[in-house]
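If you're wondering where the values come from, they're calculated on a predicted model, not measured in any experiment. Note: hydrogens, waters and symmetry copies are ignored here, and every other heavy atom, side chains too, is used.
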Amino acid sequence: MTSFPTTQALRCLGLLTASTLYLSSLDLQAQNALPQSATKSTAAGSISGTLLDSKTGQPLSFASVVLLHANADSSFVAGAQTAENGAFELTKVAAGQYLLRVTVLGYKPLRQAVTLSAAAGTVRLGALRLAPTATQLAGVTVQGERAAVEESLDKKVINVEKDLSSVGGTAVNVLQNVPSVAVSPDGTVSMRGSSNITILIDGKPSQAANSGAGGNRLEQIPASAIEKVEVVTNPSARYDAAGSGGVINIILKKQKKDGWNGQATLNLGTRDKYNTSLSLNRRAGKMNWFGSYDFRDDRYRSRMNTQQTTLLEGRELRLLQDGTNQRHSVSHSARLGFDYTISPEQSLTVTVEPNKNNGLNSGTQLATLTAPDGTTRIGSTFQVRENVMNTEGSVDYRRTWEAHKGREWTTSVAYTNLDANVVIGQRNTEGTADLLEWKQDLQVDLNAASYQTDYVHPLGEKSRLEAGLKGQLMLNDGTDDFLRQNADGPNFERQVDRSYAYNFREYTQAGYATAQHELGKWRVQGGLRAEYTNTSGQVDGGTGKFKLNYLNLFPSATLVKTLPTADQRVQLSYSRRLNRPGFMQLLAFPLYQDQRSYRIGDPTLRPEYINAFELGHQVTVGKATVSSTLFYRQTTNAIQRLVRVDTTATRLYGNGAVVTATYADNFGQATNLGGEVSLNQQLNKWWRVAASGSLFQSSVTAATGNESSRTTVSGTARLMNSFTPTPKLDVQLTGNYRAAALTTQGRLAPVGSVDVALRQRLFNDRAALTLRISDLFNTQRNLTNVYTTDAAGNNFQARYYNKWESRVGYLGFSWYMGSNKPPKKIDSQPQGGGGGFGG
């Protein structure tokens with residue numbers, strides 16, 4: 001199969017490019033149309049410089065620079081925002097006396113007198129270094145730090161290192177507090193309602209990052225190991241085109257301080273939850289060794305209820321099922337590696353990450369089956385055992401040029417091996433069913449190798465070119481054996497007609513190029529990515545051999561305008577993306593969840609394509625930062641998750657039971673139109689507020705058989721309060737809410753929660769004691785309604801309720817070694833309004 005970009009996508013790219021040129025020409029025409037007197041007053045010299053952190057030397061991006069008249073009224077003359085390298089330039093400034101004012105959140109303001117004369121019309125201020133704020137008030141020291149969200153042309157960086165609301169948790173808990181991101185009870189991560197997102201760990205794809213039969217890699221990453229999260233809601237051509245919802249890049253901590261440094265943490269949770277971690281680094285000369293080990297032993301309880309009503313061939317069948325279960329998970333995670341500084345311009349990093357996870361999910365179910373000819377009760381116990389071993393390794397090389405600032409070449413080679421064994425079993429304890437006990441044994445052996453190389457070449461201070469190549473090969477082989485207990489003994493016999501072996505191959509090759517240019521107050525970036533995909537697979541003993549080949553082009557464009565006040569900017573972006581079906585969606589063998597429900601792949605499934613637009617605005621007023629985003633996403637050939645009644649299996653099962661199958665299908669199209677807004681406000685020295693919310697309209701093609709599409713308005717809200725009542729005590733209070741949302745066949749009920757966390761620094765900041773309670777009022781649960789009608793008049797309605805153990809208390813103790821210290825403040829708590837400036 002071969003597909004190329006839609007005509008509409010190319011038209012959109014052309015429209016954005018034409019708009020840029022047109023608006024730029026209008027700006028020039030307006031300047032040329034000024035009266036002669038005005039021209040004389042503005043046309044003269046320029047003032048330029050670069051803003052740097054006084055301690056780290058890092059550039060300060062998107063800082064506000066304002067030029068004022070050095071007279072009594074201090075009237076506004078010109079303004080700008082610094083580029084990603086911290087550079088700024090104020091042009092067309094007449095000769096005279098001025099005051100340069102620089103403001104950056106978390107830094108002391110800078111004021112500097114500047115004189116521009118006819119003889120010296122160009123003033124180059126060089127490096128201007130800003131110091132973090134430190135204010136002494138009534139015995140309380142408040143240390144200013146970097147903003148919670150750092151914006152750039154192509155991503156939003158959310159600093160979560162000091163976030164208390166995920167203490168004792170994993171990467172899943174961290175992502176639950178990231179704006180635009182939602183995490184379902186099974187650990188699946190989604191953005192703005194789409195779970196088809198790309199999750200990277202240190203910039204590299206993790207094959208088991210977002211759920212799947214091989215386990216959830218995110219559950220093996222402790223929250224204490226994460227430094228920041230990069231959110232890209234509308235990725236540029238630099239990123240993989242896969243993932244309709246966007247890209248999340250989880251950056252892990254890696255100390256590089258001289259000598260020995262480290263951190264040891266122990267967390268105890270209510271009802272048998274324990275985790276501990278140790279991270280160390282040793283830097284001497286050109287070599288920096290780093291390593292960490294994390295151990296988790298958690299037990300979580302839940303209860304569920306299912307109600308089904310099915311009209312099948314004129315017979316009404318009802319199911320009422322109640323169950324309880326406990327999930328016990330034990331995991332070991334390690335990270336070892338070194339950084340070697342070959343020269344001031346070259347560095348090499350080698351990393352190996354072995355991870356092991358053993359899980360046991362066990363419980364009981366009681367089903368009441370009602371049919372026209374009577375009622376049957378079937379009780380059962382079930383177990384799901386997961387044994388996952390995942391090893392990832394990478395080698396990274398970085399080259400810069402001191403004589404050519406901004407020029408950079410990076411290359412990386414990575415390898416992943418995942419060995420997973422999942423055994424699902426169920427035994428009937430009540431009822432007269434012939435099936436006493438069965439097991440399904442799924443074995444997954446996945447190997448993936450990839451390479452990526454990127455090159456950035458600046459063209460002066462205001463333009464740059466970037467290009468790169470990436471290739472990945474994934475081999476996945478496995479078996480799926482169905483075992484049934486012999487009627488005359490405890491042994492199990494493999495059912496040949498219900499057992500399968502499979503193989504899956506996927507090779508992708510991509511190349512991209514982007515260009516970025518700054519013209520006055522305008523900044524534009526455009527790019528094009530080409531991706532070739534070759535996917536093949538088959539199920540031995542089953543059906544569904546497939547082979548897909550397709551080449552796609554993915555344009556992207558971003559346009560940024562700094563408004564005259566220099567404290568605000570607007571941004572428009574477009575990108576085209578796709579969502580490739582995964583191996584579990586394509587391979588046609590059933591994976592049972594219990595004896596009356598299973599999921600199965602469809603080898604005819606094809607990729608879905610997405611056109612995404614965003615319009616964002618950011619403004620800083622005093623100590624408050626407000627970001628807002630309007631977004632629109634159109635998905636064609638949409639991959640929808642559906643539920644159907646397996647009529648053949650239902651007849652064979654008998655007892656009035658209904659057997660359902662969950663599968664995916666390319667079904668119509670989906671649209672998403674909405675807006676997001678966020679506020680970050682320092683109310684006073686001891687209280688900071690971060691609020692965010694979204695409101696959007698979703699439309700999906702319905703699968704009920706009696707309507708063409710389904711549309712609803714939904715939204716999310718989040719409010720976080722950070723308090724510093726004493727110099728050593730930090731407090732966080734966070735509330736989250738998600739309104740009801742549509743699915744292709746039903747509706748998700750609304751859900752909300754409140755979390756509270758406290759941290760006390762001890763022993764001259766060598767240690768910290770933390771208390772966290774998640775879901776304080778125990779309100780989190782999952783409630784889903786599903787309904788469908790087929791052409792024959794058979795209909796299916798179901799209500800699925802799941803209440804997991806969400807109210808958990810954690811008590812944690814951390815000890816800091818070497819130059820490591822606990823965070824001074826909690827002002828890097830995630831906040832923001834989506835990715836309006838995410839490119």
Side-chain angles (χ1 to χ4, degrees), residues 1 184 186-188 194-197 207-216 242-244 384 386 418 420-424 440-448 474-482 495 497-508 533-550 578-608 635 637-649 659-668 703 743-745 786 788:
M1 178 183 72
S184 67
D186 65 358
T188 300
S194 174
S195 60
N196 301 313
I197 60 178
Q207 300 300 327
N210 202 15
S211 194
N216 194 334
S244 59
V384 180
E386 299 177 1
L418 186 145
N421 180 237
V422 181
V423 180
I424 305 168
Q440 186 175 24
D441 189 343
L442 175 65
Q443 181 69 46
V444 177
D445 182 17
L446 184 150
N447 293 273
M474 181 174 66
L475 309 177
N476 189 343
D477 299 283
T479 57
D480 180 46
D481 293 331
F482 194 90
Q495 306 295 299
D497 60 335
R498 302 179 66 181
S499 299
Y500 308 93
Y502 73 86
N503 64 76
F504 180 84
R505 305 285 184 269
E506 184 174 82
Y507 172 73
T508 58
T533 303
N534 185 312
T535 303
S536 62
Q538 65 179 354
V539 177
D540 299 331
T543 60
K545 184 177 181 179
F546 58 90
K547 186 173 184 179
L548 307 175
N549 293 277
Y550 44 96
L578 91 163
N579 174 36
R580 299 185 187 93
F583 81 99
M584 291 300 295
Q585 294 175 304
L586 287 166
L587 294 171
F589 65 86
L591 183 62
Y592 284 86
Q593 298 164 345
D594 59 43
Q595 55 189 312
R596 288 177 293 276
S597 62
Y598 65 91
R599 67 178 183 180
I600 189 169
D602 181 0
T604 67
L605 204 60
R606 296 296 181 263
E608 64 179 12
T635 304
N637 206 36
I639 297 177
Q640 307 281 13
R641 184 178 179 181
L642 304 170
V643 177
R644 62 176 172 83
V645 176
D646 187 333
T647 56
T648 301
V659 180
T660 61
T662 301
Y663 65 103
D665 194 7
N666 296 110
F667 199 87
T743 65
T744 305
Q745 291 177 289
V786 176
T788 184

Please evaluate residues Gln440 and Asp480 with respect to the criterion side-chain hydrogen bond (donor to acceptor under 3.5 Å, both in side chains), reporting the C-alpha separation (whole Å), side-chain torsions for both, the decisive distance (0.1 Å), and the verdict.
CA-CA 7 Å; Gln440 186 175 24; Asp480 180 46; 2.9 Å; yes
Side-chain touch [X]/[Y], heavy atoms, less than 4.5 angstrom:
{"X": "Gln585", "Y": "Ile639", "value": "yes"}
{"X": "Val444", "Y": "Phe504", "value": "no"}
{"X": "Leu548", "Y": "Arg580", "value": "no"}
{"X": "Met474", "Y": "Leu446", "value": "yes"}
{"X": "Phe546", "Y": "Thr535", "value": "yes"}

Just by distance, do the side chain of Glu506 and the backbone of Asn476 share a donor-acceptor pair under 3.5 Å?
no
Without swapping roles, check the side chain of Asn666 against the backbone of Asn637 for a donor-acceptor pair under 3.5 Å.
yes
Given Arg505 and Asp477, is the salt bridge (Lys or Arg N to Asp or Glu O under 4.0 Å) satisfied, shown in steps?
CA-CA 9 Å; Arg505 305 285 184 269; Asp477 299 283; 3.2 Å; yes
Working to the nearest 0.5 Å, report the span between [atom1] of [X] and [atom2] of [Y].
{"X": "Leu642", "Y": "Gln745", "atom1": "CG", "atom2": "CD", "answer": "4.5 Å"}
{"X": "Tyr550", "Y": "Thr508", "atom1": "OH", "atom2": "OG1", "answer": "9.0 Å"}
{"X": "Tyr598", "Y": "Arg596", "atom1": "OH", "atom2": "CZ", "answer": "14.5 Å"}
{"X": "Tyr500", "Y": "Asp540", "atom1": "OH", "atom2": "CG", "answer": "12.0 Å"}
{"X": "Tyr502", "Y": "Leu442", "atom1": "OH", "atom2": "CG", "answer": "6.0 Å"}
{"X": "Thr662", "Y": "Gln593", "atom1": "OG1", "atom2": "CD", "answer": "5.5 Å"}

Strictly by modelled atom types, are Gln443 and Asn421 linked by a side-chain donor-acceptor pair under 3.5 Å?
yes
